[in-house]
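In what follows, chains carry the letters A, B, and so on, assigned in the order in which the sequence lines appear, proteins first and then strands, with residues in each chain numbered from 1.
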Amino acid sequence: MSRKIRLFEFRSWRAFMNLLTQIKQRFAPALAGLASDVPALLDMIRPAQDAKFGDFQANFAMPLAKQLGRSPRDVAAEVLTKLQIDDLCESPEIAGPGFINLRLRTDVLAERLSRIAFDDRLGVPATEAPRNVVVDFSSPNVAKPMHVGHLRSTVIGDSIVKTLRFAGHRVTSDNHIGDWGTQFGMIIYGYRHFRDESSWRASAVGELARLYKLVNQLSDYHAAKALLPALEKNLLESRQKLHEIQQQPQDDRTKKLVSGMKKALAAAEVELQSAQDKLAKVEGSPALLAAAAAHPEIARRAREETAKLHAGDPENTALWTQFMPVCLAALQQIYSRLNIHFDLTLGESHFNPLLAGVVDSLQQQGLATVSEGAMCVFLEGNAAPFIVRKTDGAYTYATTDLATIQYRRDTLQADEVLYVVDSRQSEHFQQLFATARRWGCEQMSLRHVSFGTVMGSDGRPYKTRAGDTVGLESLLDEAILRARRIVDENDDRREQPLLTAEERSRVAEIVGLGAVKYADLHHSRDSDYVFDYDKMLATTGDTATYMQYAYARVCGIFRRMQISRQSLQGQPVAIELATPEERRLALQLLMFGYAVDSVLSDYRPHLLTQWLFETANAFSPFFDRCSVQNAETESLQRSRLVLCDLMARAIRTGLGLLGIDVAEVL
RNA sequence: GUCUCGGUAGCUCAAUUGGAUAGAGUGUCGGCCUCCGGAGCCGAAGGUUGUGGGUUCGAAUCCCGCCCGGGACACCA
């Protein structure tokens, strides 16, 4: 009996937590007689765009008025006469063309906040409809060092996993690593011909990375050398053509031709330059040049090693088996540093045995046909076919991806699969999903969560000054190093430094990693963004550091007053919202659930960073003007302590969903 | 050439997917330290949302044309 009652209470207060939902429920009967599609109208009730419009705003009067052929303000007024909401809000106001502005009663706000004061979930209920979601992200190639290109997928994917879990879904994070590709042919070839035994013993990972880079470089060298005459000829011809066109009288048609030619010319120049760079790098080193001369067929031979591996050659399989743990350990090192965990790491090799069956099945269903020797799926609206088996009999990543979908449907029982992969592959996924649907996966939701490129300050993809891609490891090192300088400087400025050397290292790690992750997540994912250490580690503005600082300031209050946050728990709370600053902070804290919902509606973590920044921003004036220590009354002091504790947990929880940590002292 | 994503304050980015006077940060300028962490707070200036049309009560957002940029376009993943 008592258990039943408690369950009921629990569910009812959870349901009541979401003020917005509750407000919508109040509007439903008021709208019932006026419109057929009430839910659509209720959906137009939202948090106010600007605090001067109150706390919530209803935008439905204008479209509804149009349906009814009446004036919007009239319709709004009629709705208000039927609306029962005075136990929640001040009297609603009609403004502008017909907006309804709602301001919550402060006593209601205080009461709601009191209820969630010690709730770990900050009043956000777990979903009543949990789904099985597989999130496919990070997905590096093993045997190649991870670089800046893997950053976004890894960070965004991890945040989506954490947010989905928080919302109550059953999530499987899966790292679909490239462990069966051409790079293995390269390191096998490299291992046979260029291995340095002592380096191998000292650091197998480092040696594999060196071998990969070396073989790649030599292959590029020969390719560039072979291509050079054609590139030079191409460039000359482009210049010649451009010159000729420019001699002609200028009209709209020639103008267009000129701009087209200029673009082609620029592309040809870039291509030539890149080839020349590759040649210069090898020719600049006698050792490399000698190696290149000794291995003229290196690219082809490396490909053959890959083919042998795929064909089950025992020696190459043995090498693969020997290399894999080394490669995985190298990846794991970065993931544990980033504090990112995968439930599964099922790479391409795992699905290899299934590929023949996939193609057979596609063929049997009449989806795939042979064209120009390749097994293809032709899709309406796509010029290029989706190739599932190449002319030489090898399978492609299309095939692997289909096998993976099958596995996720049948074995993991997924309702939904998210692919956190950069936007250049959107055509691939569009074809993949279309094929999968026709193949029998129409029940499953498949989504490409795409994102843009990380750029340098020059507006081009982020590279080192020498033009190499930036290794992820060194990128993190640099961020942490810079964070350490900031932490040192700050603590040294104190009369009594608060941190030991070890603590400083720990804090620098938290601040540095947080900066990198936050900078990535606070941009909307589909746009490119400019990578800038100074901006992401700035102690002012919309950075992780600013949020972490706000957290540390709260901790400072408790430390100073010698009150543990733990000791507040379990005692009765009565939140008092005496000032505008307290009210603003309270409202902001209650919006957490809305922020989480909005993130998940389209997998956009930047909406959570926005909420965090607004929360830290709401806290600052409170901190400035509402002294806890010198509060007028004991009950006000207690109320403020609870508010502080809630604020700290909100920041910690919110940052946590982004994969970012906090520290008590910065 | 086709498809696709973009062009918003000096700079870096938002804009709850069609809602009010387009907002933040940074930078610039001007105010706040007998008071819980000044890594802070408050304020000001800064815009023809690439451009020309259209759709409607209402457009940065949707449609069409043009200009500029990124990317992808049969056997790499």
Touch class at under 4.0 angstrom, heavy-atom based, for A/Phe53 against every strand present: base
Please list each protein N or O that sits under 3.5 Å from an N or O in nucleotides 31-33 of chain B, with the distance.
none

Reading 5' to 3' through nucleotides 10-17 of chain B, protein heavy-atom contacts under 4.0 Å coded B for base, S for sugar-phosphate only, - for none: -SSSSSBB
Report, one pair per line, the protein and nucleotides 57-62 of chain B atoms (nitrogen or oxygen only) whose separation is under 3.5 Å.
residue, atom, partner, partner atom, Å
B/C57, OP1, A/Lys66, NZ, 2.8

Taking atom [atom2] of [N] as reference, at what distance in whole Å does atom [atom1] of [X] sit?
X: A/Tyr518; N: B/A39; atom1: OH; atom2: P; answer: 20 Å
X: A/Leu432; N: B/A77; atom1: CG; atom2: P; answer: 14 Å
X: A/Asn382; N: B/U4; atom1: CG; atom2: P; answer: 11 Å
X: A/His310; N: B/C76; atom1: NE2; atom2: P; answer: 13 Å
X: A/Leu537; N: B/G25; atom1: CG; atom2: C1'; answer: 15 Å
X: A/Tyr549; N: B/A39; atom1: OH; atom2: C1'; answer: 5 Å
X: A/Met455; N: B/C5; atom1: CE; atom2: C1'; answer: 12 Å
X: A/Phe613; N: B/G40; atom1: CZ; atom2: P; answer: 10 Å

[X] vs [N]: side-chain N/O to OP1/OP2 distance below 4.0 Å:
X: A/Arg424; N: B/A77; answer: no
X: A/Arg494; N: B/G37; answer: no
X: A/Ser627; N: B/C36; answer: no
X: A/Thr396; N: B/C76; answer: no

Any N/O donor-acceptor pair, A/Tyr397 side-chain to B/A77 base, under 3.5 Å: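 Donor-acceptor pair under 3.5 Å: yes.
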Donor-acceptor pair (no angle test) under 3.5 Å: A/Asp491 side chain, B/A39 base: no
Produce the list of close N/O pairs, under 3.5 Å, pairing protein atoms with atoms of nucleotides 43-45 of chain B; give distances to one decimal.
none

Nearest-nucleotide pick for A/Lys52, side chain only, options being B/C41, B/A20, B/U21: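 Nearest to the side chain of A/Lys52 among the choices is B/U21.
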[X]: which residues meet the side-chain contact (heavy atoms from CB on, under 4.5 Å) condition with it, sequence neighbours left out?
X: A/Asp55; result: A/Arg103, A/Leu104, A/Arg583, A/Leu587
X: A/Ala48; result: A/Phe53, A/Gln57
X: A/Glu93; result: none
X: A/Arg460; result: A/Asp458

A/Tyr533 ring center near A/Phe531 ring center (under 6.0 Å): yes
Ring centres under 6.0 angstrom apart (A/Phe60, A/Phe27): yes
If you take all heavy atoms of [X] and [Y], which pair is closest and at what distance?
X: A/Ser423; Y: A/His448; value: CA-CE1, 4.2 Å
X: A/Pro140; Y: A/Met146; value: CB-CG, 3.9 Å
X: A/Arg584; Y: A/Asn617; value: NH2-O, 3.5 Å

5′-ward residue of the pair A/Asn617/A/Arg560 relative to RNA chain B: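 Whichever sits nearer the 5' end wins; that is A/Arg560.
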Result of checking A/Val454, A/Thr453, A/Val530, A/Asp528 against A/Tyr462 for side chain to side chain contact (heavy atoms under 4.5 Å, CB included):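 In the set A/Val454, A/Thr453, A/Val530, A/Asp528, the residue that makes a side chain to side chain contact (heavy atoms under 4.5 Å, CB included) with A/Tyr462 is A/Val454.
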Say whether [X] and [Y], considering side chains only, have a donor N or O and an acceptor N or O under 3.5 Å apart.
X: A/Thr579; Y: A/Glu582; value: yes
X: A/Gln588; Y: A/Thr615; value: yes
X: A/Asp542; Y: A/Tyr518; value: yes
X: A/His428; Y: A/Tyr397; value: yes
X: A/Ser138; Y: A/Thr154; value: yes

Side-chain heavy atoms of A/Leu402 within contact of A/Thr435, under 4.5 Å: yes
Inter-residue atom distance A/Ile156.CD1 - A/His606.NE2, 0.5 Å rounding: 11.0 Å
I'd like a list of close polar pairs between nucleotides 7-9 of chain B and the protein, N/O only, cut-off under 3.5 Å.
none

N-glycosidic conformation, B/C66 - syn within 90 degrees of 0, else anti: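 B/C66: anti.
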Conformer about C1'-N of B/U16 - syn within 90° of 0, anti elsewhere: anti
Where at least one partner belongs to residues 63-79 of chain A, residue pairs that pass salt bridge (Lys or Arg N to Asp or Glu O under 4.0 Å), sequence neighbours excluded: A/Arg70-A/Glu78, A/Glu78-A/Lys82
Listed once per pair and sorted, the salt bridge (Lys or Arg N to Asp or Glu O under 4.0 Å) pairs that draw on residues 368-389 of chain A, sequence neighbours left out: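 Listed once each, the pairs would be none.
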Pair pattern of RNA chain B in dot-bracket, where unpaired bases get dots and | marks partners in another strand, Watson-Crick or G-U under 3.5 angstrom: (((((((..((((.....[...)))).(((((.......))))).....(((((..]....))))))))))))....
Within 6.0 angstrom of A/Arg301 CZ, more than 12 heavy atoms from elsewhere: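 Result for CZ/A/Arg301: open.
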